[in-house]
Protein chains: 2
Amino acid sequence: MAHDALRRLKVVRPKRIYEQIAEQIETLVRDGTFVPGARLPAERELAEMLGISRPSLREALIALETAGLIETRIGDGTYVRADLGGGRVFPLSGRDMGPGPLEQFEARRAVECAAAELTAARADAEDRAALTASLARMRTLIAAGTNPADEHRIFHVRLGDASRNGILSGAIRELWRLRQEPMWDLLRRKVENPESWHAGIHFRSRLLDALEARDPTAARREMETHFDRAGRTYFDPKE
Amino acid sequence: MAHDALRRLKVVRPKRIYEQIAEQIETLVRDGTFVPGARLPAERELAEMLGISRPSLREALIALETAGLIETRIGDGTYVRADLGGGRVFPLSGRDMGPGPLEQFEARRAVECAAAELTAARADAEDRAALTASLARMRTLIAAGTNPADEHRIFHVRLGDASRNGILSGAIRELWRLRQEPMWDLLRRKVENPESWHAGIHFRSRLLDALEARDPTAARREMETHFDRAGRTYFDPKE
DNA sequence: TCCTGTCAATTGGACAGACCAATTTTCGCG
DNA sequence: CGCGAAAATTGGTCTGTCCAATTGACAGGA
């Protein structure tokens with residue numbers, strides 16, 4: 001069938017002139033035709049060279065200025081910004097990046113700590129049984145030397161569901177899904193090991209105790225401690 | 001000598017119209033006046049509303065588009081991009097029934113307390129000035145006997161933005177948008193009055209003090225106290 | 001000679017009006 | 001009731017014009 005081919009179709013977005021021009025100029029800057037600090041031709045001149053009107057050229061220049069590539073000085077001219085340090089990439093294209101790992105982490109800390117507090121007060125026997133079972137599976141996986149990451153997700157999502165708050169549980173589910181994306185695999189692989197898996201078991205065991213005791217404060221405290229420790233491990237520049 | 005004063009001189013950069021307009025529209029988007037997915041007025045209309053020419057407005061729109069805030073569809077209109085920040089992480093819509101007020105409240109408590117903590121550590125002078133200005137507007141509104149609910153939203157959304165966490169700030173924006181819906185008006189009307197408005201001023205003033213002092217712990221504590229008090233007012237069955 | 005104020009040229013900033021093209025909406029026909 | 005053509009709406013682009021800021025040449029005075 002042709003279904004496979006059809007699936008590859010992309011939505012055609014009519015390229016507006018200003019985008020084409022901006023890309024052209026970006027290329028010229030990248031390949032060194034326009035050196036940082038250099039002055040571009042005057043707007044009227046450049047527009048004629050490119051065969052477009054001055055407003056369209058201006059729109060392209062505005063886009064490039066917003067992207068941080070160029071700089072215009074009234075009454076003087078348009079210049080390629082000189083402070084384009086080598087590593088700086090221009091966000092003109094491919095700017096659809098999701099939230100970074102730190103943002104995800106901070107958000108998860110916020111919602112999971114709150115969810116733990118609520119869950120301690122609201123979880124029923126079934127919830128507790130499911131969490132206990134998940135913890136047991138984790139132990140089995142670790143004993144077999146397997147990474148329990150997937151079971152971690154199940155545990156925390158179930159914990160969120162038990163909070164009986166659809167917003168928080170939905171957010172937790174979504175944040176863990178983001179966390180599973182391959183992009184952050186490398187970051188995790190650096191700090192995760194069988195030892196950290198065992199520490200995770202201890203933490204979740206204590207958390208479960210707090211739930212059994214129906215102690216919201218203790219549950220939140222356990223979760224906060226967990227995130228504080230994880231945060232130091234992942235994001236502290238000490239090592 | 002006047003050397004000390006001279007040292008404070010800043011290079012004046014004439015703000016071009018498109019920059020001013022872009023900033024205006026950006027604040028309208030960020031404080032929730034223009035909801036993600038919403039359609040902006042037509043270019044001709046918007047230009048007239050702002051008292052500028054269409055080319056200038058178009059330059060502002062192109063800047064916002066380059067910045068990834070809006071999206072234009074030829075022959076249709078200009079739309080606020082729907083995939084901003086935590087709009088996807090906190091799935092509030094698409095369910096048969098929206099989340100109830102208690103769910104909203106618990107979620108807001110979670111994200112706003114976390115955001116306050118981060119903001120205390122990350123807010124810059126501009127953020128603090130904006131929050132101070134918002135608080136001043138609140139005082140004016142209350143003095144005139146007007147309900148400051150809209151300014152409340154602006155204050156808290158700005159506070160969230162200053163946390164520099166797109167997920168949290170997006171969630172706060174969404175949750176406050178939800179709160180503004182007419183469905184919960186009655187609930188609020190029962191417990192809100194000029195006296196509670198004044199209490200809100202005091203709370204936000206103390207919160208601002210914590211931000212000025214760059215004290216994350218104090219900022220979080222103020223926010224938690226606020227939510228605890230509001231929670232008792234709204235949801236306690238005592239009365 | 002050197003400084004200084006002035007004036008003209010250059011350049012970007014902004015506006016008005018018009019026309020084209022894509023999209024959506026409306027409405028009449030089958 | 002469904003469907004296709006016409007009309008209205010909306011963004012895309014162009015032409016032309018005028019204004020404001022900057023620059024640089026130039027003449028005049030210390």
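Throughout, a chain's letter reflects where its sequence line sits, starting with A, and its residues are numbered from 1.
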Discussion item. Do the side chains of A/E65 and B/R16 get close enough for a salt bridge, i.e. N-O under 4.0 angstrom?
Written reply: yes
Item to complete: Encode nucleotides 9-17 of chain D as B, S and - characters from 5' to 3', where the letter depends on protein heavy atoms closer than 4.0 Å: B to the base, S only to sugar-phosphate, - to neither.
Response: -BBBBBB-B
Practice prompt. Show your reasoning for whether salt bridge (Lys or Arg N to Asp or Glu O under 4.0 Å) applies to A/R122 and B/E106.
Written response: CA-CA 13 Å; A/R122 297 175 180 171; B/E106 289 165 353; 2.4 Å; yes
Discussion item. Expressed as a whole number of angstroms, how long is the span from A/L61:CG to C/dT11:C1'?
Written reply: 13 Å
Fill in: For atom CD of A/E71 and atom P of C/dG13, their distance in whole Å
12 Å
Worksheet item: Just checking, any donor-acceptor pair under 3.5 angstrom between side chains of A/W176 and A/E112?
Response: yes
Worksheet item: For the pair made of OH in A/Y79 and C1' in D/dA21, what is the distance, rounded to whole Å?
Response: 13 Å
Worksheet item: Can you name the ring-ring contact (aromatic ring centres under 6.0 Å, His included) partners of A/F34, sequence neighbours left out?
Response: none
Worksheet item: Would you say the side-chain atoms of A/Y18 and A/E23 include a donor-acceptor pair closer than 3.5 Å?
Response: no
